[in-house]
Structure formats: C-alpha cells, structure tokens
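Counting begins at 1 with the first residue of the sequence. As the structure lists them, so they are numbered: ligands from 1, and atoms in each ligand from 1.
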Amino acid sequence: MTDFTPDYDNILKDVPTGLLLGGEFRPASNGETFDVINPATDKPLVKVASATEEDAKQALDDAVAAQTEWKATPPRKRSEILYRAFELIRRDADKLAQLQSLEMGRALPDSKAEVGYGGEFFRWFAEEAVRISGDYRISPSGTSRVAVINQPVGPVLAITPWNFPLAMGTRKIAPALAAGCPVIIKPASKTPLTMLYLGKLLIEAGVPAGVISVLPTGHSANVSALLSDDRLRKFTFTGSTEVGQMLAAKAAETSMKVSLELGGNAPFVILSDGDVDKAVQAVSDAKLRNGGQVCIAPNRFIVHESKKDAFVEGVVKRFAELKLGEGTDPATDLGPLALRDQQEKVRDLVDDAVKRGAKVECGGKIPDLGGALSDGYFFEPTVLTDVPEDADIVREEIFGPVVAVTTFTDDGRAIEQANDTIFGLAAYVFSENLTKALGAAETLESGMVAVNKGSLSDPSAPFGGVKQSGLGREGGFTGINEFLEEKLISLEG
Ligand code: NAD
C-alpha cells in the first residue's frame with residue numbers, strides 16, 4: 001500500500017450521469033438509476049440513469065428525425081466535427097484516463113494509452129469522411145452504364161463492453177458519423193461514465209442533437225429491444241461471443257446490417273528459433289495491459305521446449321516487479337480486475353489448472369492488499385507451467401494477468417495446436433526466420449497476427465476476427481464500409 005489518497009470528487013466532477021438524449025443529459029423516463037462500483041474497493045462511486053425501453057425508443061425517434069440532415073451534411077463539415085472531437089479528447093485526455101481507471105480499475109498508463117488510441121479513431125475517420133468513393137463503368141456487354149454510390153446505412157445501435165470504455169465506442173461512433181449515420185450507444189453498465197463524458201465532448205464538438213445518444217442502463221434488454229424495430233438499420237456489437245451471437249440472431253429478424261467483435265483465445269507461439277527477450281517484452285505489452293482483460297490478450301502460451309525455462313524466468317522476473325494498487329494511484333502497475341465475477345473466474349481457472357497438474361511459478365491467488373483495498377477485485381500476476389491441454393484455462397478466455405504455458409517440440413505441431421480453437425481473433429508468433437514467421441502468420445487462423453511483437457491495434461489497420469470471434473472489421477480503410485451501403489444506379493448504355 002502507498003499513502004495515496006484518491007480524489008474521487010475531482011475525477012467525477014463535470015461527468016454527466018444522465019442519459020444523453022436529444023442533445024442533453026436527462027434522467028431516465030421512470031427515474032431509475034444504477035450504481036457504478038469502484039473495483040478497487042467494491043464500493044459504489046456514483047448513480048447513473050438507467051435507460052428504459054421508452055428512452056431507447058425516444059433515441060431511435062431522434063435518430064430517425066436527425067438522419068436526413070446528417071446524411072446531407074457535406075462530408076467536409078462532418079469531417080471537421082470529427083476532427084474537433086479528436087482535439088477535445090486530446091484536451092481532456094487526463095480527465096478521461098482518470099475516469100477510466102476509476103470505473104474500470106486498471107492502471108493509469110493503460111488508461112492513457114487507451115485515450116490516445118480511442119481518440120485517434122476520430123482523427124482517422126475525419127480523414128476518411130471526405131474519401132467515400134463510388135464507381136462508374138460501362139458494363140461488359142456495353143449495354144448499360146453502371147454507377148455505384150455509397151450511402152449511409154441508417155440509424156446505428158452500438159453495444160460495447162467494459163474493457164475499453166472509450167475505444168470500443170469510438171471505433172464504432174467515428175466511422176458511423178463519418179459515413180453519415182446517427183448512433184445510439186449503450187455502454188457496459190460497469191463503465192458508463194467514460195462514454196457519457198465522450199457524449200458531452202461530442203455535443204461540444206458540434207454533433208447535432210439526435211445524431212448521438214448515449215444510453216447506459218441496468219437492464220440491457222431495454223436497449224437491445226430496438227433490434228426488432230426496423231427503422232434501425234445497423235447493429236454493431238463488441239463483447240462476448242455468446243451475447244453477440246444471441247443479439248445478432250435477433251437483428252437478423254429485420255435483416256439489418258450487423259458487425260460483431262467477439263471473444264478471443266489468442267495463441268502466443270514461440271517457435272524453436274524465437275527470440276525470448278522479444279517474447280518477454282511482448283508479454284508486458286500484450287498481457288499486462290488492462291490486467292489481461294483484453295480480447296486480443298495472449299491466452300495460450302505455446303512455447304518450444306528449448307525456450308521454456310528462459311521465457312518463464314523472464315516473465316516471472318517481470319511479474320515480481322509489478323506493484324498492485326488502485327488504478328488512479330500513479331504508483332500502480334497493475335490494478336484490480338473490473339468485476340468480482342471476473343476475479344472469481346480467473347481464480348477458478350487457475351485452481352482448475354493446478355488441480356489437473358499445472359505448476360505455479362508465481363502468483364496464483366487473490367491477494368489481500370489491506371485497508372480500503374481489501375475487498376478490491378485484485379488477482380496476483382501468475383505464471384503456470386505444465387498446463388495440461390484439458391485444463392479449462394486452455395479453452396476459455398482468461399481475462400486476467402495469467403500466463404499459462406504449454407510446450408512442444410515440433411514447430412508444425414505448435415501451429416496446429418494454436419489453431420485448435422473455435423476463436424480466431426489475434427495470434428502472436430515469434431521466430432527469427434522471416435520465411436518461417438510469415439508462413440506461420442499465413443497459417444494461423446485469426447484475423448490479426450503479431451510477428452515478434454506484442455501490439456497490433458492501430459486505427460489505420462483493420463481490426464477483427466475470423467471463426468467465432470467476429471464478423472466485419474473496424475478501423476482501417478474498410479471500417480467505414482460497415483456503415484455504408486452500396487447502391488447501384490444502372491443507366492441505359
Ligand atoms: P458481454 O457480452 O457480457 O457484454 C457486452 C455488452 O453487451 C455490454 O454492454 C453488456 O451490457 C451488453 N449485454 C450483455 N447481455 C446483453 C443482453 N442480453 N442484451 C443486450 N445487451 C447485453 O461482454 P463483456 O463482459 O462486457 O466484455 C468482455 C468480452 O468482450 C470478452 O469476451 C472480450 O473478448 C470481448 N471483447 C471483444 C473485442 C473485440 O474487438 N473482438 C474487444 C473487447 C472485448
């Protein structure tokens with residue numbers, strides 16, 4: 001423990017707690033609220049309005065009313081509003097970082113990195129808003145002229161998770177607004193404050209009333225009820241595979257456009273000629289970020305037998321240096337997990353692996369940090385070796401600071417093992433042989449592969465998964481297409 005005293009009042013000052021509807025913050029139609037809990041202490045921080053079905057319908061009415069004008073707003077003007085949003089996020093970066101660390105628990109450097117990443121989507125899509133293209137051709141038969149224009153798909157419902165309270169929203173809001181679509185967003189009830197604050201910045205940036213609505217709620221079904229309203233034309237979801245698939249099935253009933261960013265089970269493969277130092281650094285970059293609560297966090301460490309000892313030694317040494325504490329404390333390296341459920345799930349996965357024969361190299365349990373933090377959702381940074389392939393931790397997304405190592409002796413077999421999952425979001429491969437590394441990257445069944453490094457998210461690059469990890473891409477040159485629909489205008493030849 002440090003003698004750090006958190007200043008909650010200052011962090012929460014000027015943060016809206018109502019619903020953003022019709023360009024202003026207001027209470028829920030039935031006055032209901034829910035508590036936002038501090039994961040470092042298990043104590044309530046503040047009450048936030050809880051949207052009702054009626055509020056959700058109001059947001060869609062507003063979006064439909066605002067659609068025509070927003071769609072007709074010149075791309076350059078939309079672009080300028082987005083760029084202004086980017087600047088406002090930069091202006092309030094410290095505030096947003098503190099807020100994230102408070103409601104989500106993670107250490108400040110992680111929150112600062114997310115604010116930088118999340119804000120960049122507004123700059124990137126400000127640049128893309130003015131580059132929406134079309135096509136004009138003579139048909140092969142020569143009998144008609146084929147003109148194709150890209151138009152905004154229509155009102156969008158975005159539902160986002162708690163693990164990146166800003167960026168998971170901006171990755172959807174920025175391209176949707178750039179394309180000319182109004183957006184209704186439901187942040188996770190665990191972390192509504194960051195999105196409410198972003199809503200305030202978007203209004204300041206000049207996003208018109210009704211073009212952005214923010215609907216936190218303690219009853220998610222109140223907002224997802226909109227999926228059966230056929231005025232809604234796009235559903236974009238980030239969260240667990242189970243919930244995403246269930247909501248996508250509902251969206252299919254009105255044939256709306258759907259994109260899904262779902263769960264992962266990323267393999268981290270150190271091949272026989274992989275560089276262990278690079279791999280250890282990548283664990284810091286990819287696994288410790290957010291305390292491991294990242295959809296692309298390495299989940300299965302598949303390490304060549306000859307590299308295991310050095311890799312484990314490097315990671316254990318790195319983990320021993322970490323200071324656990326409250327996220328807003330500048331001395332903290334690793335904050336609590338975001339939810340009690342998450343803490344218990346990580347503990348159960350570790351206990352199951354140990355029961356089946358895994359060896360604990362460091363950590364392995366819930367620590368007691370004492371004082372106000374004794375009820376916080378902390379988990380010790382943990383390294384397990386000899387993890388049997390039938391352990392739950394190999395199949396399930398851990399979402400915690402746990403490195404579970406299995407070994408192999410044949411590089412080809414390692415890639416097969418890496419692909420043995422229903423998920424396909426991210427993968428990591430380490431090899432100093434370029435041909436081998438590229439071959440592995442091409443064979444790995446995932447939407448994204450990092451070679452010899454631990455980071456791969458970039459607003460200018462397509463983010464998304466294959467298999468049961470998702471549908472569609474966010475960011476990059478194609479991210480805006482998720483909010484556009486091609487229209488053919490066929491002209492006589
Ligand atoms: P979750 O699926 O429980 O919740 C995601 C969102 O859906 C939240 O806003 C939640 O309130 C809402 N929701 C849950 N049940 C609902 C229902 N019945 N009706 C309407 N809305 C509902 O996921 P989570 O626990 O918030 O987030 C963690 C998951 O998100 C992990 O599986 C992680 O891999 C995934 N994730 C994926 C990506 C990606 O880009 N692929 C990014 C971040 C997180």
Side-chain angles (χ1 to χ4, degrees), residues 34 36 39 48 50-51 53 56 103-104 106 114 117-118 121 157-172 184-192 194-195 214-228 235-251 259-266 289-299 337-343 345-346 395-400 421-427 446-448 456-459 461-476 479 482:
F34 65 95
V36 179
V48 165
S50 179
E53 254 192 79
E103 64 178 342
M104 199 246 163
R106 61 154 177 237
E114 188 196 335
Y117 174 62
F121 285 98
L157 173 64
I159 295 188
T160 51
W162 47 263
N163 65 337
F164 288 93
L166 182 73
M168 296 305 96
T170 61
R171 231 161 57 174
K172 301 177 186 305
I184 299 161
I185 182 158
K186 189 203 88 60
S189 49
K190 168 76 211 120
T191 54
T194 302
M195 192 48 62
V214 182
L215 299 183
T217 179
H219 311 283
S220 339
N222 286 350
V223 178
S224 56
L226 290 179
L227 293 171
S228 43
F235 175 51
T236 171
F237 175 87
T238 299
S240 62
T241 296
E242 188 191 4
V243 174
Q245 289 176 343
M246 186 264 290
L247 295 177
K250 199 163 170 213
S259 40
L260 304 171
E261 295 286 349
L262 306 176
N265 183 356
R289 189 164 65 117
N290 259 9
Q293 301 166 111
V294 182
C295 52
I296 56 171
N299 210 57
L337 298 173
L339 300 151
R340 173 75 76 206
D341 287 357
Q342 198 52 43
Q343 181 198 40
K345 179 182 171 195
V346 174
R395 301 272 142 212
E396 289 186 32
E397 201 177 24
I398 306 171
F399 252 50
T421 167
I422 59 164
F423 298 105
L425 191 56
S446 63
M448 300 166 282
L456 42 70
S457 300
D458 184 328
F463 188 105
V466 299
K467 295 159 89 174
Q468 297 198 34
S469 284
L471 201 60
R473 293 292 179 269
E474 293 189 332
E482 303 288 341

For [atom], which protein heavy atom lies nearest, and how many Å away is it?
atom	result
atom 31 (C) of ligand 1	Glu397 OE1, 3.4 Å
atom 9 (O) of ligand 1	Thr160 O, 2.6 Å
atom 38 (C) of ligand 1	Cys295 SG, 3.0 Å
atom 24 (P) of ligand 1	Trp162 NE1, 3.5 Å

Below a 4.0 angstrom heavy-atom separation, can you tell me which part of [X], side chain or backbone, both or neither, approaches ligand 1?
X	value
Glu474	neither
Pro161	both
Lys190	neither
Ile296	neither

By number and element, which atoms of ligand 1 are closer than 4.0 Å to a non-hydrogen atom of [X]?
X	result
Asn163	43 (C), 44 (C)
Gly263	32 (O), 34 (O)
Leu425	41 (N)

For the pair Arg106 and Glu114, find out whether any cationic side-chain nitrogen is under 4.0 Å from an anionic carboxylate oxygen.
yes
In terms of side-chain geometry, is the basic nitrogen of Glu474 or Lys172 positioned less than 4.0 Å from the acidic oxygen of its partner?
yes
Under 3.5 Å: donor-acceptor pair, side chain of Lys467, backbone of Thr421:
yes
Regarding atom 28 (C) of ligand 1: of the candidates Phe399, Phe463, Phe423, which has the closest heavy atom?
Phe399
Hey, is atom 2 (O) of ligand 1 under 4.0 Å from any protein heavy atom?
yes
